[in-house]
Amino acid sequence: MDHFLYRNGQLHAEDVPLHDIAEQVGTPFYVYSTATLTRHFTLFQEALAGMDHLICFAMKSNSNQAVLRILADLGAGMDVVSGGEYRRARAAGVPGNRIVFSGVGKTRDEMHLALTGGIRQFNVESEPELLALSEVASGLGVTAPITLRVNPDVDAKTHEKIATGRKEDKFGVPITRARDIYAQAAKLPGIEVIGIDVHIGSQLTDLAPFEAAYLKIADLTRQLRADGHRITRLDLGGGLGIPYTRGNEAPPLPLDYGAMIQRTLGDLEVEIEIEPGRLISGNAGILVAQVIYLKQGEGRDFLILDAAMNDLIRPAMYGAHHDIIPVIEPVPGAEQYPFDIVGPVCESGDTFARQRHMPPVGAGDLIAFRSAGAYGAVMSSEYNTRPLIPEVLVKGDHFAVIRPRPTFDEIINRDTLPPWM
Ligand SMILES: *Cc1c(COP(=O)(O)O)cnc(C)c1O
């Protein structure tokens, strides 16, 4: 459910007509709904209500300061995957003891940053990383709380590029080696083992792979405890999928996911941590663009937009589907026409959809990409010297720009000439 609905013949973000935003900030732009972000976070809170838990928002999905602030104020922790994200989380007011640090390539500088600034735990992904963390922490005279990210060898049945829990994926340590590495970790200076971490992939639309992975984690918890480790926290990752296509069968709800966690891990007396990203931010944002031209090709018509693959790369990168709808509400029963919907970038991959049926739209009309709040703005670039597009936040009948469009001077002046020129 989201808060982007037609009202009085026009698509609104909560109580704000999108044309009002377009007039003030120009197109294209991202717009996020405070109510949807809040609702999605609250759904997870309710789903885990019976258990000691912390929800760490995977901020790689959307790391705008205002978005982080909304979630932090609701009690969210953050899952960060770089020193930059750590700094963003702290800047948004998230205390270090609510930040978990994931990622396969944490540098010593990043470890230093988090250990001195405050950290809830490191999710360690390899033995060399474990050794480096031990050195950095003991050098500082502190102890690093860790979980080991185990790779359970479960196929998440999702897109190739976002499956992370099969043995051929680069993430975590093989679950078969986990006991050895825990034994090693327990002896290292500056390391305190506190739990286990797992994250098997993104955009999962079925609970079965999660359940298979969590059952393996339950077994491992018992084994590690028998080996003498204190396992007090299980980080179960993120990955619950969202409906990208209206009218199709919806993925499982957070409530079902929570019940499954309760069922598989509820008797272990551990604190549960989850790291949802997409489910919180995905349907809390849309991308609004304008049609520049309607171009008639041979046997197909192109809608050429002012948004492009550099603004929203998911279709080009994952073949992802986004519902694309006109901002002016189509008359009921209006005839639909097939369009190839493309951007202006000089790449054939700059295609958002092929032969997509749309009600009649023409040059100057606004259209909206649904489900663009996750892995949208954060993955954008300035390819073709197209400025990063603004992000706007709506709350009720208010809206505010939360990241302005840079000027061309700002973009050009980021480059510097070498002294010999
Ligand atoms: C990407 C990622 C997440 C979030 O995944 P979503 O599909 O957005 O929920 C959580 N944890 C880790 C370690 C990740 O890499």
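As the structure lists them, so they are numbered: ligands from 1, and atoms in each ligand from 1.
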What are the atoms of ligand 1, with element, lying closer than 4.0 Å to any heavy atom of [X]?
X	result
Arg149	13 (C)
Ala58	3 (C), 4 (C), 10 (C)
Pro276	9 (O)

Heavy atom of the protein closest to atom 14 (C) of ligand 1 (residue, atom name, distance) =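 Ranked first by proximity to atom 14 (C) of ligand 1 is Lys60 NZ, 2.8 Å.
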**OP:** Around atom 13 (C) of ligand 1, find the nearest protein heavy atom and jot down its residue, atom name and distance.
**Re:**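 Looking at atom 13 (C) of ligand 1, the protein heavy atom closest to it is Glu275 OE1, 3.4 Å.
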Charged N-O contact under 4.0 Å between [X] and [Y]:
X	Y	answer
Lys216	Asp219	no
Lys170	Glu125	no
Glu129	Lys106	yes

* Decide yes or no for Ile21 and Val394: does some side-chain heavy atom of the first lie under 4.5 Å from some side-chain heavy atom of the second? =>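 Yes, side chains in contact.
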In this structure, does ligand 1 have an atom that sits under 4.0 Å from one of the heavy atoms of [X]?
X	result
Tyr375	yes
Ala374	no
Asp79	yes

Practice problem: Check each heavy atom of Arg278 against ligand 1 and say whether those closer than 4.0 Å belong to the side chain, the backbone, both or neither. | Solution: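 Near ligand 1, Arg278 shows its backbone as well as its side chain.
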Worksheet entry | Residue part near ligand 1, for Ser202, under 4.0 Å between non-hydrogen atoms |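 Answer for Ser202: both.
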Could you point out which residue of Glu271, Gln45, Glu273 forms a side-chain hydrogen bond (donor to acceptor under 3.5 Å, both in side chains) with His53?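 Looking at Glu271, Gln45, Glu273, the match for His53 under the side-chain hydrogen bond (donor to acceptor under 3.5 Å, both in side chains) is Gln45.
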Check: Between the side chains of Asp365 and Gln290, is a donor N or O closer than 3.5 angstrom to an acceptor N or O?
Finding: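 Checked: Asp365/Gln290 side chains show no N/O donor-acceptor pair below 3.5 Å.
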Going by atom types alone, do Arg356 and His322 pair a side-chain donor with an acceptor below 3.5 Å?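 Checked: Arg356/His322 side chains show no N/O donor-acceptor pair below 3.5 Å.
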- Message: Using 30° and 60° as the class boundaries, would you call the ring planes of Phe101 and Phe122 parallel, tilted or perpendicular?
- Response: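 Phe101 vs Phe122 ring planes: parallel.
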**Prompt:** Does the N or O separation between Val81 and ligand 1 drop below 3.5 Å for any pair?
**Reply:**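 No.
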